[in-house]
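Here's the structure we're looking at; comments come further down.
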Amino acid sequence: LSWLTTDKKYSFRLNKPYCVIIPGSSLKKPSKRWSAKNYAKLSVEIYGLGVNPYVVGTKTEISVAKEICSLSKVTKSLVGTTNLVELAQICANAQFTVGNDTGPTFLAASMGVPTLMLMGVDTNPNMSAPTGNAAGFIYKDNIQAITPEEVIYKMSQLGGL
């Protein structure tokens, strides 16, 4: 998918280094979503490590993005402001991405950036794990049992921190 990043560069001015947080997933399976509270805690910890967190998604994720930004105060939202090409470019230039079982997480992994997918009982890692040079996942039956500390540890193993 390198053609997504070769033509035109996105016009967003993001504070570097930055990470991309992808809190969305199928509206029919909300149990695939790690909570906004957990993403907010993760954002604060990531920011403390010197990485600026940005949340992305479609307009259907506006409420979760607002909640994450409200709880963390350090996360900035790009939700509803990007098209597919811009999202690919933003992900390709990120320090890392972390998200739920959703298309943009797979897109990020295919861009070669360290990408971590969070999975619960509704996602089968044997069928739905992201692929790429630096892609990985954390699986727990109860997705909410995944801790921000586990995410940071796994991301460091993938080369994102």
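Excluded from the calculations below are hydrogen atoms, water molecules and symmetry mates; all remaining heavy atoms, backbone and side chain alike, are included.
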Check: Given the rule in the side-chain hydrogen bond (donor to acceptor under 3.5 Å, both in side chains) test, do Tyr39 and Asn100 qualify, once you have shown the distances and angles that lead to the verdict?
Finding: CA-CA 11 Å; Tyr39 275 117; Asn100 300 322; 2.9 Å; yes
Notebook entry, point to check: Step by step, would you call Lys32 with Asp101 a salt bridge (charged side-chain N to carboxylate O under 4.0 Å, His left out)?
Noted result: CA-CA 7 Å; Lys32 286 187 169 191; Asp101 178 4; 3.1 Å; yes
Next item on the list: With side chain to side chain contact (heavy atoms under 4.5 Å, CB included) as the test, would you mind laying out the steps for Leu118 and Phe137 before giving the verdict?
Entry: CA-CA 6 Å; Leu118 308 179; Phe137 65 89; over 6 Å; no
Next item on the list: Evaluate the side-chain hydrogen bond (donor to acceptor under 3.5 Å, both in side chains) criterion for residues Ser70 and Glu67: first the C-alpha distance (whole Å), next the side-chain angles of each, then the deciding distance (0.1 Å), finally the verdict.
Entry: CA-CA 5 Å; Ser70 173; Glu67 186 176 356; over 6 Å; no
Next item on the list: Just do the side chain to side chain contact (heavy atoms under 4.5 Å, CB included) check on Tyr139 and Met117 with the steps written out, would you?
Entry: CA-CA 8 Å; Tyr139 174 90; Met117 182 184 285; over 6 Å; no
Note to self: Run the side-chain hydrogen bond (donor to acceptor under 3.5 Å, both in side chains) test on Ser43 and Thr75 for me, step by step, so that the C-alpha distance in whole Å, both residues' side-chain angles and the decisive distance to 0.1 Å come before the verdict.
What the structure shows: CA-CA 6 Å; Ser43 295; Thr75 307; 3.0 Å; yes
Next item on the list: Give the C-alpha distance, both sets of side-chain angles, the deciding distance and a yes or no for side-chain hydrogen bond (donor to acceptor under 3.5 Å, both in side chains) between Thr102 and Thr105.
Entry: CA-CA 6 Å; Thr102 186; Thr105 305; 5.8 Å; no
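Around the CG atom of Asn133, the shell of radius 6.0 Å holds no more than 12 heavy atoms that belong to other residues, nucleotides or ligands. For Lys140, the NZ atom sits in a packed shell: over 12 heavy atoms of surrounding residues, nucleotides or ligands are nearer than 6.0 Å. Counting heavy atoms of neighbouring residues, nucleotides and ligands inside a 6.0 Å radius, atom OH of Tyr47 does not exceed 12 of them.
The closest donor-acceptor contact from the side chain of Glu61 to the backbone of Gly24 lies at 3.5 Å or more, if one exists at all. With hydrogens and angles disregarded, no donor-acceptor distance shorter than 3.5 Å links the side chain of Ser156 to the backbone of Lys154. Using modelled atom types, one side-chain atom of Asn52 and one backbone atom of Asn15 make a donor-acceptor pair closer than 3.5 Å. In this structure a side-chain-to-backbone donor-acceptor pair under 3.5 Å is present from Trp34 to Ile146. With hydrogens and angles disregarded, a donor-acceptor distance shorter than 3.5 Å links the side chain of Gln144 to the backbone of Arg33.
Shown here for Glu45 and Ile152, the closest heavy-atom pair between the two residues is OE1-CD1, 3.4 Å. Looking at every heavy atom in both residues, Cys69 comes nearest to Lys76 through SG-C, 4.1 Å. Taking all atoms of both residues into account, the shortest heavy-atom contact from Val64 to Pro23 is CG1-CG, 4.0 Å. Across all non-hydrogen atoms, the minimal contact from Pro130 to Gly136 is CG-O, 3.5 Å. Smallest separation of non-hydrogen atoms from Ile90 and Tyr18: O-OH, 2.6 Å. When every heavy atom of Val20 is checked against every heavy atom of Ala94, the shortest pair comes out as CG2-CB, 3.8 Å.
Two residues are said to be in side-chain contact when any heavy atoms from C-beta on lie closer than 4.5 Å; Pro53 and Val74 meet this criterion. Between Leu116 and Phe96, the closest side-chain pair of non-hydrogen atoms is not below 4.5 Å. Considering only heavy atoms from C-beta on, Thr131 stays 4.5 Å or farther from Ser110 through its side chain. Between Val55 and Leu78, every side-chain heavy-atom pair lies at or beyond the 4.5 Å cut-off. Counting heavy atoms from C-beta on, the side chains of Val121 and Asn142 never come closer than 4.5 Å.
Residues Val98 and Met111 are members of separate hydrophobic clusters, defined by side-chain heavy-atom contacts under 4.5 angstrom among Ile, Leu, Val, Met, Phe, Trp and Tyr. Under a hydrophobic clustering in which Ile, Leu, Val, Met, Phe, Trp and Tyr are joined whenever their side-chain heavy atoms come within less than 4.5 Å, directly or via other members, Ile138 and Ile143 fall into the same cluster. In this structure, Leu158 is a member of the same hydrophobic cluster as Leu42, with clusters built from ILVMFWY side-chain heavy atoms closer than 4.5 Å. A continuous path of hydrophobic side-chain contacts links Leu107 to Leu14 [ILVMFWY only; heavy atoms under 4.5 Å]. Both Ile22 and Leu84 are part of a single hydrophobic cluster, where members link through side-chain heavy atoms under 4.5 Å apart.
The distance from the CG atom of Asp122 to the NZ atom of Lys29 is 4.0 Å, given to the nearest 0.5 Å.
Using a 3.5 Å distance cut-off with no hydrogens or angles, the side chains of Ser128 and Thr123 do not pair a donor with an acceptor. In the model, Glu149 has no side-chain atom that pairs as donor or acceptor with a side-chain atom of Tyr153 under 3.5 Å.
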